[in-house]
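Take a look at the structure below.
We count ligands from 1, going down the list as the structure has it; atoms in each ligand are counted the same way.
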Amino acid sequence: MTQAAAIELDAQAEVTDGFHLLIDALKLNDITTIYNVPGIPITDLGRYAQAQGMRVISFRHEQHAGYAASVAGFLTKKPGVCMTVSAPGFMNGLTALANATTNCWPMILISGSSEREIVDLAQGDYEEMDQLAMARPFCKAAYRLTYAEDIGIAVARAIRSAVSGRPGGVYLDIPGAMLGQTMEAAKGAQSLVKVIDPAPRSTPAPDAIARAIGVMKEAKRPLIVIGKGAAYDQSDDTVRELVEKSGYPFLPMSMAKGLLPDTHPQCASAARSLVLKESDVVIMLGARINWLLSHGKGKQWGEPGGKRFIQIDIDAEEMDSNVEIAAPLVGDVGSCARALIDAMDNEGIAPPKDWLDLVHSKAEANMEKMAARLQNNNNPMDYHAALGVLKQVITEQPDTILVNEGANTLDLARSIINVHKPRHRIDVGTWGVMGIGMGAAIAASIETGKRVLAVEGDSAFGFCGMEVETICRYKLPVCVVVFNNNGIYRGDGENWGGGGDPATTSFVPDARYDKMMEAFGGVGAWVTTPDELRRAVNEALESGKPTLVNAAIDPAAGKESGNIGNLNPQSVVAQKLYPQARK
Ligand code: ADP
Ligand code: MG
């Protein structure tokens with residue numbers, strides 16, 4: 001290099017720009033990974049972030065980058081960052097942003113956007129769209145940057161909005177021109193903000209605690225329902241202490257499984273119907289009373305008015321959302337649980353033995369019944385036989401993170417596969433969204449370094465299957481098992497009009513999804529028996545190589561809509577028109 005060139009370079013280094021300020025602002029706040037899809041105007045931003053030591057994981061579609069970012073948020077309590085291009089890329093990421101907000105997971109969608117003055121006059125810019133306005137309904141907060149000197153504050157606000165109170169999605173709009181703005185490097189550094197105590201802990205007042213203790217003292221048939229808000233909080237030891245000190249049976253919601261192991265003697269999962277119906281006092285621990293719990297009403301919950309609820313939640317507005325909450329405790333799970341534990345001393349809180357015996361004997365009986373089904377050797381293989389194998393795999397390798405989506409594949413795996421460690425199960429969440437699988441698997445692997453087993457219905461996999469290329473490209477230790485039953489819910493659907501087209505719920509029979517993984521250099525396997533499945537999955541987890549095990553499942557084994565067929569609207573007319581509807 002000539003001396004003149006070296007001097008030139010020195011001089012340049014004293015200047016910073018929007019690209020680098022944004023990267024520095026994220027890094028200053030310990031955000032070290034970006035889930036990305038490159039393109040105008042953020043292609044170089046991704047490159048520079050990688051050059052500056054960030055992990056930049058580039059996906060094939062923004063929705064999956066977004067799902068990955070949201071799952072990263074759930075796993076780490078830091079906002080997961082997704083970066084997208086303007087208009088169409090932004091909109092592809094929006095589904096994931098909304099999903100993050102719905103699940104109460106912190107995420108920041110950073111999207112490039114076209115030039116404001118052209119967009120605002122609707123003059124037809126490249127990928128023109130008022131993205132800020134579009135994003136607002138789908139997130140907790142939306143911000144737009146105009147000047148590079150505001151990047152520090154904007155990133156700080158985005159982080160705080162994402163993680164404080166009830167976590168959720170945040171949108172940060174980056175007009176392309178802003179990235180190129182320059183600033184004196186020293187001034188730029190000064191403009192950055194390190195967010196102190198981004199999600200302050202908060203403890204309920206003593207009278208609120210006393211109220212809850214009063215309800216607990218009167219409980220004859222108590223229950224604790226643990227939700228993914230508790231898993232998110234990472235106060236694992238405190239939650240365990242509360243459960244064990246109270247002696248209450250507990251029911252984990254799907255993503256709270258493993259916060260205490262499903263094999264814990266107080267786990268009431270196998271007696272779910274009984275405890276929901278018969279309990280008289282229920283402590284909701286970071287779990288919403290929503291559709292997943294029949295809104296706390298109806299025959300699943302027993303006699304109307306027969307229950308009193310204590311609810312621990314970070315969000316005061318969650319209280320009374322569906323039923324009256326007798327004792328609201330507003331604060332983070334860890335602080336609330338700690339306050340309850342401390343207040344329980346000498347209050348004589350212990351569940352009656354006959355309640356525990358009842359729950360226990362029901363759970364034992366149900367588990368015994370299930371165990372027999374899990375060992376069947378039916379040909380073709382059914383869900384139970386296949387899941388019996390995967391249950392054993394996870395029991396032997398409890399450090400594996402389980403990702404799960406589908407209809408029957410989801411509903412059956414949720415109840416059959418035990419989870420042994422906190423935040424080791426990621427699934428479709430509050431919306432029941434299909435297509436989270438590959439994004440979740442990639443984020444789980446990137447954020448934890450652990451092996452991932454993604455158990456996917458063939459339909460669910462279809463929404464995100466192209467991301468197997470991403471898994472192969474980053475050489476991630478992800479084993480995808482596709483439960484291939486040739487269709488949605490079932491693989492034996494008919495065209496009710498009798499025409500030549502396939503049924504609306506059918507796929508190509510015996511589709512070789514395993515070849516997709518092979519196409520990108522991963523390992524593929526096609527299995528038709530429980531033994532073959534066991535061998536293929538164990539090999540995959542041992543090798544750590546990207547693997548897709550295509551497991552043939554009886555096309556006639558599934559139920560319409562899995563366990564939630566009751567949510568389908570009914571047509572009276574159909575009963576007259578189609579003989580098939582009368583089955
Ligand atoms: P699940 O689907 O597992 O039942 P939900 O997503 O319905 O769980 O409920 C999670 C709840 O946890 C939300 O109401 C949310 O406000 C709350 N929450 C999130 N983070 C925390 C936290 N750190 N402490 C307490 N509550 C939290
Ligand atoms: Mg299927």
Side-chain angles (χ1 to χ4, degrees), residues 73-74 77 99-106 140 162-168 198-204 225-235 238-239 251-257 259 284-293 295-296 311-319 321-322 325 328-338 383 405-410 412 414 423 425-432 434 456-462 482-493 505-509 511 513 550-562:
F74 168 71
K77 290 186 94 174
N99 185 53
T101 306
T102 302
N103 281 331
C104 314
W105 297 344
K140 277 184 78 182
V163 298
S164 64
R166 170 182 278 178
R201 293 208 162 266
S202 62
T203 308
V225 175
I226 307 177
K228 62 181 175 297
Y232 172 79
D233 196 60
Q234 296 192 14
S235 309
T238 317
V239 169
L251 196 61
M253 300 300 288
S254 66
M255 285 185 61
K257 279 162 69 80
L259 196 47
M284 303 299 300
L285 200 63
R288 280 171 286 185
I289 301 174
N290 56 16
W291 73 279
L292 287 156
L293 288 167
H295 304 280
Q311 183 159 27
I312 294 179
D313 204 288
I314 196 86
D315 188 357
E317 286 180 37
E318 185 55 36
M319 306 298 160
S321 65
N322 286 266
I325 301 301
L329 293 175
V330 177
D332 58 282
V333 161
S335 301
C336 293
R338 168 54 50 204
Y383 286 99
E405 63 173 332
N408 290 282
T409 305
L410 175 83
L412 293 168
R414 181 176 52 226
R423 295 167 296 282
R425 181 188 156 87
I426 301 162
D427 64 30
V428 301
T430 302
W431 258 353
M434 292 296 116
E456 302 266 315
D458 50 354
S459 161
F461 177 71
V482 175
F483 276 16
N484 185 352
N485 69 343
N486 297 346
I488 300 171
Y489 311 133
R490 291 166 68 96
D492 57 359
T505 50
S506 290
F507 296 139
V508 167
Y513 299 108
N550 189 0
I553 299 287
D554 185 355
K559 279 200 288 183
E560 175 89 6
S561 303

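Those atoms of ligand 1 with a heavy atom of D332 less than 4.0 angstrom away are 24 (N), 25 (C). Ligand 1 places these atoms under 4.0 Å from at least one heavy atom of G331: 24 (N), 25 (C). Shown in contact with Y232 at under 4.0 Å from a heavy atom are these atoms of ligand 1, numbered in order with element: 20 (N). The contact set between ligand 1 and D233, taken as ligand atoms under 4.0 Å from a residue heavy atom, comprises 22 (C), 23 (N), 24 (N). Numbered from 1 in the order shown, with element, the atoms of ligand 1 that lie under 4.0 Å from a heavy atom of T430 read 6 (O).
Using modelled atom types, no side-chain atom of N322 and backbone atom of N290 make a donor-acceptor pair closer than 3.5 Å. Side-chain N or O atoms of N484 include none that pairs as donor or acceptor with a backbone N or O of A552 at under 3.5 Å. For the pair K228 (side chain) and W105 (backbone), a donor-acceptor distance under 3.5 Å is absent. When atom types are taken as modelled, the side chain of D313 and the backbone of M319 share no donor-acceptor pair closer than 3.5 angstrom. Under a 3.5 Å cut-off, the side chain of R425 and the backbone N or O of M255 do not form any donor-acceptor pair.
The pair R201-D233 meets the salt-bridge criterion, since a charged nitrogen lies less than 4.0 angstrom from a carboxylate oxygen. Salt-bridge annotation for R166 and E318: present, with a side-chain N of the basic residue lying under 4.0 Å from a carboxylate O of the acidic one.
At a 3.5 angstrom cut-off on N or O pairs, R288 counts as close to ligand 1. Ligand 1 has no nitrogen or oxygen under 3.5 angstrom from a nitrogen or oxygen of P167. Residue-to-ligand polar distances place I314 within reach of ligand 1: an N/O pair is separated by less than 3.5 Å. For K228, a nitrogen or oxygen atom sits less than 3.5 Å from a nitrogen or oxygen atom of ligand 1, counting backbone and side chain alike.
Expressed to the nearest 10°, the angle at the Mg ion (ligand 2) joining OD1 in D458 with OD1 in N485 is 110°.
Between the side chains of R288 and T430, at least one donor N or O sits under 3.5 Å from an acceptor N or O.
The CG atom of D458 sits 4.5 Å away from atom CG of N485, with the distance rounded to the nearest 0.5 Å. The distance from atom CD1 of I289 to atom CD1 of I325, rounded to the nearest 0.5 Å, is 4.0 Å.
In terms of protein heavy-atom proximity, atom 10 (C) of ligand 1 is nearest to G286 O, 3.2 Å. Remark: minimum distance from atom 24 (N) of ligand 1 to any protein heavy atom is reached at V333 N, 2.9 Å. Protein heavy atom nearest atom 13 (C) of ligand 1, with residue, atom name and distance: D313 OD2, 3.3 Å. Ranking protein heavy atoms by distance to atom 12 (O) of ligand 1, first place goes to G229 CA, 3.3 Å.
Of all the heavy atoms of V225, none lies under 4.0 Å from any atom of ligand 1, so neither backbone nor side chain is involved. Residue-level proximity to ligand 1 for R166 is carried by the side chain, the only part with a heavy atom below 4.0 angstrom. With a 4.0 Å heavy-atom cut-off, ligand 1 is reached by the side chain of M253 but not by its N, CA, C or O.
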Test log, rule side chain to side chain contact (heavy atoms under 4.5 Å, CB included), inputs S202 and D332: CA-CA 6 Å; S202 62; D332 58 282; 4.3 Å; yes
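The Mg ion (ligand 2) lies at 2.8 Å or more from every N, O or S atom belonging to I488.
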